[in-house]
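These values consider heavy atoms only, across backbone and side chains, with no hydrogens, waters or symmetry-generated copies. Quick caveat, the model's predicted, so the values are computed rather than measured.
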Amino acid sequence: MQVLSGKEFQIGLTMSGAVSAGAYTAGVVDFLVQALDEWEKARNGPDAAGIPNHRVGIKVMSGASAGAITAAIGTVALADAKQAPVPFDTRDGKTQSIKCWLPKLYESWVAKPGLVAEEGQPLDFLQTTDLESFPAPDDDFSRSSVTTSTEPAPSNGTPKVVSVLNSRLLDAIAKAAIDVEAAAPPRPYLANPLHIYLTLSNLRGIPYKVPFEGGDYHMITHGDRVHYAVTGVGSWDSPSLFAGTDRKRDIDTAWLVNGHEHKPQWKNFSICALASAAFPLGLAPREIATEIEEYDGRPDGGACFRRFPIENLAGRSADETSIVPDWEAATRAEPVFGFRTADGGIIDNDPFEYARFSLKTELGVRIEPTLEKADRAVIMISPFPERRPIAPEAKPAADLVSIYRALLPSLIDQARFKPSELVLAADPAHASRYLIGPSRVTPDGKEQIYGIASGLLGGFGGFVARAYRDHDFQLGRRNCQKFLREAFALPYDNDIVAHWPEPAKRDDRFKTSEKTPGGKEAHVIVPLVGSARDEVLLPEWPRLSQARFEVLQTRIAQRFDALAPALLAENVTGVLRVLLGFAARPLRLFPLPPGIGLIRKRVLAFVRLTILADLVLRDQIEGWDLSDTTVPEEASRAITAALIDPTYDQRTSAGIARATHVPEPAVEAVLARLLDAHSDGKPYKAWKAPWTDRNGHSLYTLASRAPTRLDRALTIVGITLTKLGLKWLGGLFPKPRTDPPGVA
């Protein structure tokens with residue numbers, strides 16, 4: 001058994017919101033635990049004398065949305081005695097044989113959360129069980145409680161539409177995650193307690209008042225969080241000045257065992273994680289029950305109060321800052337302060353500061369950033385650093401609906417914009433913060449522009465296919481291994497490395513391939529030994545079959561047919577409900593008047609084309625081989641995806657060039673290729689309209705989107721009437737939506 005040097009390197013993990021791309025984050029955490037477990041095993045093995053002898057400990061985890069889910073499930077998996085590594089079915093014996101180290105992370109992020117259930121899974125996001133009846137009390141994860149007893153579920157009645165997707169699947173995943181028969185022994189590299197911060201968007205709000213000489217300044221914050229201190233999961237005694245005196249919820253891993261009287265506290269823990277991931281409209285909001293004292297501090301005036309991770313406030317008491325909630329008397333009199341939540345990532349998508357402040361030894365002093373003296377750092381795991389285009393010129397339009405639709409994505413993008421943190425994380429000479437993000441380098445040494453498969457559809461795309469999530473989980477494991485082997489390192493004169501056994505200092509396994517920015521030999525902070533040393537292979541880039549794509553569209557239609565009537569029943573009354581109901585219905589076995597089923601047809605077409613455009617753009621669907629052009633494949637895919645874009649019926653080459661940032665001559669070359677015989681019978685076969693726009697520019701779309709003969713004839717009639725000066729009459733005929741200036 002190895003005697004440790006007494007030197008420590010402390011880690012705080014921060015996990016960004018990422019929707020389905022949380023599978024990548026889960027993979028990173030999975031491999032990090034594997035590496036730390038294998039290192040602990042090596043300390044007790046026959047070669048312990050040659051193993052680095054410092055302690056690396058995880059002190060805090062903070063997460064938003066998908067990051068919160070990963071932090072929560074990861075904590076439970078670490079505390080579950082039955083978690084054992086799962087090997088791949090086949091491997092060559094020379095590369096990584098472990099598929100996942102913590103099966104609960106893999107099952108929760110890869111196996112279960114799909115739009116369409118795969119490989120025998122019983123639930124998926126497109127089923128309609130949430131619209132048929134309310135859940136039984138034991139399965140209700142919609143509301144937390146402040147006591148150890150479960151609260152009654154709502155009585156049966158008219159189903160409520162709470163989300164576009166069936167969030168009952170998330171309830172089932174959470175329930176399975178906290179199904180624990182025996183608690184695992186505490187891990188020596190986890191702090192006791194381990195601090196967990198989960199961000200929330202509090203839709204009710206918290207009122208604050210700041211007194212000034214000229215009057216009080218009132219404000220409301222919706223950025224909320226819950227702080228858990230988990231005992232029993234680790235044995236590393238490492239107090240935190242910030243987190244230890246912050247208002248928190250204490251919870252013990254012994255309570256996780258089924259049947260324990262305090263087991264409902266772990267259900268509350270999982271509900272808080274689900275609340276952080278309640279993506280607006282897509283996933284169901286949750287109701288969190290708290291006590292007012294969780295914001296005010298203890299009634300007896302104790303030192304534990306809610307701290308803000310802000311430099312000029314963190315070292316002061318609540319009285320000194322005067323930044324305390326300004327509750328109205330009626331609110332303070334409520335026995336329980338309850339609020340509904342939206343996705344925590346809307347307001348704080350990267351809760352970096354909670355992790356950073358939890359590592360501080362002095363709240364008013366920054367963490368040592370130099371490589372020679374560093375002994376702690378925050379590691380950010382962010383699945384979405386890939387480049388995304390900004391909105392095209394003149395988008396959004398100036399109308400109210402367009403502005404409203406653009407607002408939420410803008411808020412989410414802004415929540416992810418943390419230049420002060422990211423710039424330092426990118427600095428190789430700065431040792432107090434690091435970033436692990438998707439990097440997919442192909443065997444020929446080129447880095448793929450789209451690193452993760454779950455990045456399509458704003459992050460929801462991973463739910464399209466299990467293969468996408470599986471890819472991202474393994475990529476996360478691979479990227480974590482590369483990070484630990486090459487980037488997470490200290491120079492030989494850092495006090496931690498200086499106290500290593502001499503054989504470890506000389507061992508090339510524990511050195512990076514490159515020196516530090518100062519030209520010094522670098523040694524890894526987390527040595528890769530045992531199974532963690534075997535290379536995690538680059539997974540194959542996954543593609544959806546056309547057959548699976550069609551199954552997905554059928555299931556989306558079925559969900560729509562159940563969702564639309566329920567939504568109308570709750571929100572519309574009278575004649576309008578009847579009319580909208582007809583417009584939302586599918587066409588049946590007999591012809592119906594014009595307009596019946598029109599809303600349904602347009603919605604489903606829009607969804608289909610939106611998904612298809614992203615799949616084609618990212619090369620994630622079979623049958624769309626666009627490499628056989630003189631233009632780079634990346635540009636060809638962007639041009640083809642522009643033809644699929646449901647915002648337009650037909651497009652000009654100039655409009656496509658503006659949208660894709662590809663030069664117009666290259667656009668025209670690709671369009672010509674998609675029009676010729678080479679593309680006959682292919683899904684990317686293009687069609688050229690027999691009319692032009694007002695300036696005489698040709699219009700294009702895919703052959704599969706070309707209007708019917710009747711629609712073509714009607715369009716030509718409308719254009720002809722307009723050119724003859726009969727605009728009012730020509731306007732009665734259909735015209736395609738095109739890039740400006742439109743069709744004359």
Under-4.0 Å salt bridge between [X] and [Y]:
| X | Y | value |
| --- | --- | --- |
| Asp171 | Arg286 | yes |
| Arg559 | Asp130 | yes |
| Asp246 | Arg225 | yes |
| Glu287 | Arg204 | no |
| Arg376 | Glu8 | no |
| Lys104 | Glu107 | no |

With side chains defined as the heavy atoms from C-beta onward, is the minimum distance between [X] and [Y] less than 4.5 Å?
| X | Y | result |
| --- | --- | --- |
| Phe31 | Gln96 | yes |
| Arg478 | Glu535 | yes |
| Gln127 | Arg555 | yes |
| Trp266 | Val230 | yes |
| Met61 | His195 | no |
| Pro438 | Tyr24 | yes |
| Asn166 | Leu123 | no |
| Trp109 | Asp30 | no |

Legend entry - Pairs meeting criterion side chain to side chain donor-acceptor pair (under 3.5 Å) with involvement of residues 271-283, two or more places apart: none
Would you list the atom pairs, donor with acceptor, under 3.5 Å between side chains in residues 112-122 and any protein atom, with sequence neighbours excluded?
{"residue": "Glu118", "atom": "OE2", "partner": "Arg466", "partner atom": "N", "Å": "2.8"}
{"residue": "Glu119", "atom": "OE1", "partner": "Arg466", "partner atom": "NH1", "Å": "3.1"}

Could you tell me whether the side chains of [X] and [Y] share a donor-acceptor contact shorter than 3.5 Å?
| X | Y | value |
| --- | --- | --- |
| Thr25 | Thr70 | no |
| Gln558 | Thr554 | no |
| Arg440 | His471 | yes |
| Asp343 | Ser65 | yes |

Please check if the side chain of [X] supplies one atom and the backbone of [Y] the other of a donor-acceptor pair under 3.5 Å.
| X | Y | value |
| --- | --- | --- |
| Asn349 | Ser16 | no |
| Asn268 | Ser145 | yes |
| Ser20 | Gly459 | yes |
| Gln620 | Asp614 | no |
| Asn192 | Asp237 | no |
| Lys263 | Leu256 | yes |
| Thr14 | Met380 | no |

Inset, instruction - Test side-chain contact (heavy atoms from CB on, under 4.5 Å) on Lys59 and Ile11 and set out the steps. - result: CA-CA 6 Å; Lys59 195 168 193 170; Ile11 291 177; over 6 Å; no
Inset, instruction - Could you give me the CA-CA distance, side-chain angles and deciding distance for Gln34 and Arg477, then say whether side-chain hydrogen bond (donor to acceptor under 3.5 Å, both in side chains) is met? - result: CA-CA 10 Å; Gln34 178 181 350; Arg477 284 176 50 81; 2.8 Å; yes
Inset, instruction - Describe, in one word, how the ring planes of Phe357 and Phe242 are oriented to each other, choosing from parallel (under 30°), tilted (30 to 60°) and perpendicular (over 60°). - result: tilted
How long is the span from the [atom1] atom in [X] to the [atom2] atom in [Y], to the nearest 0.5 Å?
| X | Y | atom1 | atom2 | result |
| --- | --- | --- | --- | --- |
| Leu32 | Leu484 | CG | CG | 6.0 Å |
| Arg356 | Glu353 | CZ | CD | 4.0 Å |
| Ile251 | Phe269 | CD1 | CZ | 6.5 Å |
| Leu131 | Ser163 | CG | OG | 8.0 Å |

Legend entry - Residues forming a ring pair (Phe, Tyr, Trp, His ring centres under 6.0 Å) with Trp39, sequence neighbours excluded: His54
Inset, instruction - In sequence, state the C-alpha distance, the side-chain angles, and the governing distance for Leu78 and Arg187, and then conclude on side-chain contact (heavy atoms from CB on, under 4.5 Å). - result: CA-CA 8 Å; Leu78 287 164; Arg187 280 173 161 83; 3.7 Å; yes
Inset, instruction - Could you tell me which residues satisfy side-chain hydrogen bond (donor to acceptor under 3.5 Å, both in side chains) with Tyr106, sequence neighbours excluded, listed by chain and number? - result: Asp470
Inset, instruction - Can you sort out the partners of Trp101 under side-chain hydrogen bond (donor to acceptor under 3.5 Å, both in side chains), two or more places apart, ordered by chain and number? - result: Asp37
Legend entry - Validation row, ring centre Tyr468 to ring centre Phe463 under 6.0 Å: no
Inset, instruction - Measure from the ring center of Tyr197 to the ring center of Tyr228 and say whether it is less than 6.0 Å. - result: no
Legend entry - Nearest non-hydrogen partners of Leu105 and Gly74, listed with the distance: CD2-N, 4.0 Å
Legend entry - Within 45° cone and under 6.0 Å: Lys267 NZ/CZ vs Phe141 ring: yes
Inset, instruction - Please step through side-chain contact (heavy atoms from CB on, under 4.5 Å) for the pair Val378 and Leu359, ending with a clear verdict. - result: CA-CA 8 Å; Val378 178; Leu359 295 180; 3.9 Å; yes
Inset, instruction - Take Thr128 and Leu563 through the side-chain contact (heavy atoms from CB on, under 4.5 Å) test and state the conclusion after the steps. - result: CA-CA 8 Å; Thr128 58; Leu563 187 69; over 6 Å; no
Inset, instruction - Any chance you could lay out the side-chain hydrogen bond (donor to acceptor under 3.5 Å, both in side chains) test for Ser454 and Asp472, step after step, and finish with the verdict? - result: CA-CA 7 Å; Ser454 298; Asp472 292 350; 2.5 Å; yes
Legend entry - Residues that Asp224 engages under salt bridge (charged side-chain N to carboxylate O under 4.0 Å, His left out), provided they are two or more places apart: Arg306
